[in-house]
Amino acid sequence: METHKTFKLADFEINRIGFGTMRASTGAGIWGDNDNKENTIKVIRTAIENGVNFIDTADSYGPYTSELLVQEAIRPFGDKVMLATKGGAVKYTPGAILANGHPYYLRTALEGSLKRLERETIDMYFLHRVDPNIPIEESVSALAQFQKEGKIKHIGISNVTVEQLEKAQTVAKIEAVQNAFNFNDRRYAEVVQKTTEQNIAFVAHTPVAVNNWDDTAFSKAKQGNISVNQLSLAWLLNYAPNMISIPGTSSEKHLIENLASYDINIKF
């Protein structure tokens, strides 16, 4: 059975393998620029030229350096790409990140992202993390206000439970959820099910599973000369029709391998 390559998010048809820039565009500890900015820009542009039209970043990646690099990379492609970024997580030192969901901070974060991304409106804006000290409804209400002001097209939330999704939905239309998900890490399986039922995009970060594969599937992959990355992405594409994976890479070779996952036909 052929895997559907796209998912319609509002009025935008998204190819279900996107591009995540957390590690591709930043240095060790997700801090500062990576060692080869020019190469990363080239890889992102190659991704878009090969059909990728969902690019994900965040103000905390770097911090800030990822958004600057992404904007430079996608500038030639205009509105062919849905650009997603995130706010509500503050990076103070390499490897350390804290949630801040206060509406005042979220406005500051959004304005910074708009400036770095050189946009008047951000296509998809995620609440990056739920602040344990601020009700999620309060944080999402702020995003709803930004949407009314025309600064956000679509609202998403990240790293959330079903209960948090339901609370967020009482104050705004949530069109995407971004959580970790892969063959080994299925702690958010209930969230996937809930978003599938409601036709909400589930954006899977950390999509590659490195071990504990079912022996039959893994042996089939080896026989077909399929990489672990390809097997992981093919599994996600088959798991749910609203699943969008966002692998990141600094290698054009790995990028093309990732995109070939659409054509892998393994029964899991």
Side-chain angles (χ1 to χ4, degrees), residues 5-26 30 33-34 36-87 89 109-110 112-128 151-158 175-179 201-208 229 233 236-237 242-252 254-256 258-259 261-262:
K5 292 185 176 181
T6 64
F7 176 80
K8 192 167 185 180
L9 197 165
D11 58 351
F12 201 95
E13 200 80 24
I14 294 176
N15 289 321
R16 293 176 59 208
I17 298 178
F19 194 95
T21 65
M22 183 176 74
R23 297 188 182 278
S25 61
T26 54
I30 323 300
D33 281 318
N34 64 8
N36 195 339
K37 175 181 173 182
E38 292 73 20
N39 176 69
T40 302
I41 289 173
K42 183 180 179 183
V43 172
I44 293 174
R45 289 179 177 175
T46 300
I48 297 170
E49 289 164 357
N50 282 271
V52 172
N53 62 354
F54 184 85
I55 307 292
D56 181 82
T57 184
D59 65 353
S60 63
Y61 300 165
Y64 313 137
T65 58
S66 179
E67 287 186 330
L68 292 167
L69 184 149
V70 166
Q71 170 52 25
E72 184 175 347
I74 70 174
R75 188 180 293 125
F77 298 96
D79 59 0
K80 294 180 180 179
V81 174
M82 175 174 274
L83 176 60
T85 193
K86 300 182 281 295
L110 173 62
S113 292
L114 286 166
K115 184 176 181 180
R116 285 185 293 274
L117 296 171
E118 299 178 12
R119 301 209 167 192
E120 294 182 359
T121 305
I122 289 174
D123 299 329
M124 169 63 68
Y125 195 78
F126 287 94
L127 175 67
H128 199 163
K151 296 181 178 183
I152 296 173
K153 286 184 183 177
H154 308 294
I155 296 172
I157 51 178
S158 185
E175 302 203 64
V177 171
Q178 183 176 152
N179 284 8
F202 185 97
V203 181
H205 70 73
T206 322
V208 174
N229 282 31
L233 298 177
L236 282 171
L237 290 170
N242 60 323
M243 185 76 69
I244 299 167
S245 62
I246 49 170
T249 180
S250 56
S251 163
E252 285 188 277
H254 291 157
L255 166 68
I256 298 304
N258 288 345
L259 296 178
S261 302
Y262 284 123

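Listed by first then second residue, pairs satisfying side chain to side chain donor-acceptor pair (under 3.5 Å) with a partner in residues 44-55 read Thr46-Glu252, not counting sequence neighbours. Applying the salt bridge (charged side-chain N to carboxylate O under 4.0 Å, His left out) test to residues at least two apart or on different chains, the pairs with a partner in residues 60-80 are Lys37-Glu72, Glu67-Arg116, Arg75-Glu118.
Residues satisfying the ring-ring contact (aromatic ring centres under 6.0 Å, His included) test with Phe126, not counting sequence neighbours, are none. Legend: residues meeting side-chain hydrogen bond (donor to acceptor under 3.5 Å, both in side chains) with Asp123, ordered by chain and number and at least two apart, are Arg119. Every residue two or more places apart in sequence or in another chain that forms a side-chain contact (heavy atoms from CB on, under 4.5 Å) with Ala201 is listed here: Phe7, Leu9, Ala176, Ile244. With sequence neighbours excluded, the residues forming a side-chain contact (heavy atoms from CB on, under 4.5 Å) with Leu110 are Leu114, Ile122, Tyr125, Phe146, Lys151, Ile152, listed by chain and number. Residues satisfying the side-chain hydrogen bond (donor to acceptor under 3.5 Å, both in side chains) criterion with Asn34, sequence neighbours excluded, are Thr40. Every residue two or more places apart in sequence or in another chain that forms a side-chain contact (heavy atoms from CB on, under 4.5 Å) with Asn39 is listed here: Asn36, Val43, Ser250. For Asp56, the salt bridge (charged side-chain N to carboxylate O under 4.0 Å, His left out) partners are Lys86, not counting sequence neighbours. In this view, Thr57 and Thr21, Ser66 satisfy the side-chain hydrogen bond (donor to acceptor under 3.5 Å, both in side chains) rule, not counting sequence neighbours. For Arg23, there are no salt bridge (charged side-chain N to carboxylate O under 4.0 Å, His left out) partners, not counting sequence neighbours. Here Val52 pairs with Phe19, Ala47, Ile55, Leu259 under the side-chain contact (heavy atoms from CB on, under 4.5 Å) rule; sequence neighbours left out.
Note that OH of Tyr64 is 11.5 Å distant from NZ of Lys115, once rounded to the nearest 0.5 Å. In this structure, the separation between CG on Leu237 and OH on Tyr262 is 6.5 Å, given to the nearest 0.5 Å. To the nearest 0.5 Å, the span separating NZ on Lys5 from CD1 on Ile17 amounts to 9.0 Å. Taken to the nearest 0.5 Å, the CD atom of Gln71 stands 11.5 Å off from the OG atom of Ser113. For the atom pair CD (Gln178) and CG (Leu127), the distance works out to 11.5 Å, reported to the nearest 0.5 Å. To the nearest 0.5 angstrom, Asn258 atom CG is 12.5 Å from Ile246 atom CD1.
Under the 4.5 Å side-chain criterion, counting only non-hydrogen atoms from C-beta, Leu83 is not in contact with Thr85. In this structure, the side chains of Pro247 and Asn229 stay at 4.5 Å or more apart for every pair of heavy atoms. At least one side-chain heavy atom of Pro207 sits less than 4.5 Å from a side-chain heavy atom of Leu233.
Across Asn179 and Ser158, no two heavy atoms sit closer than the pair OD1-C, 3.7 Å.
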side-chain contact (heavy atoms from CB on, under 4.5 Å) between Leu68 and Asp33, intermediate numbers included = CA-CA 10 Å; Leu68 292 167; Asp33 281 318; over 6 Å; no
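The 12-atom threshold is exceeded at CZ of Phe12, counting heavy atoms of other residues, nucleotides or ligands nearer than 6.0 Å.
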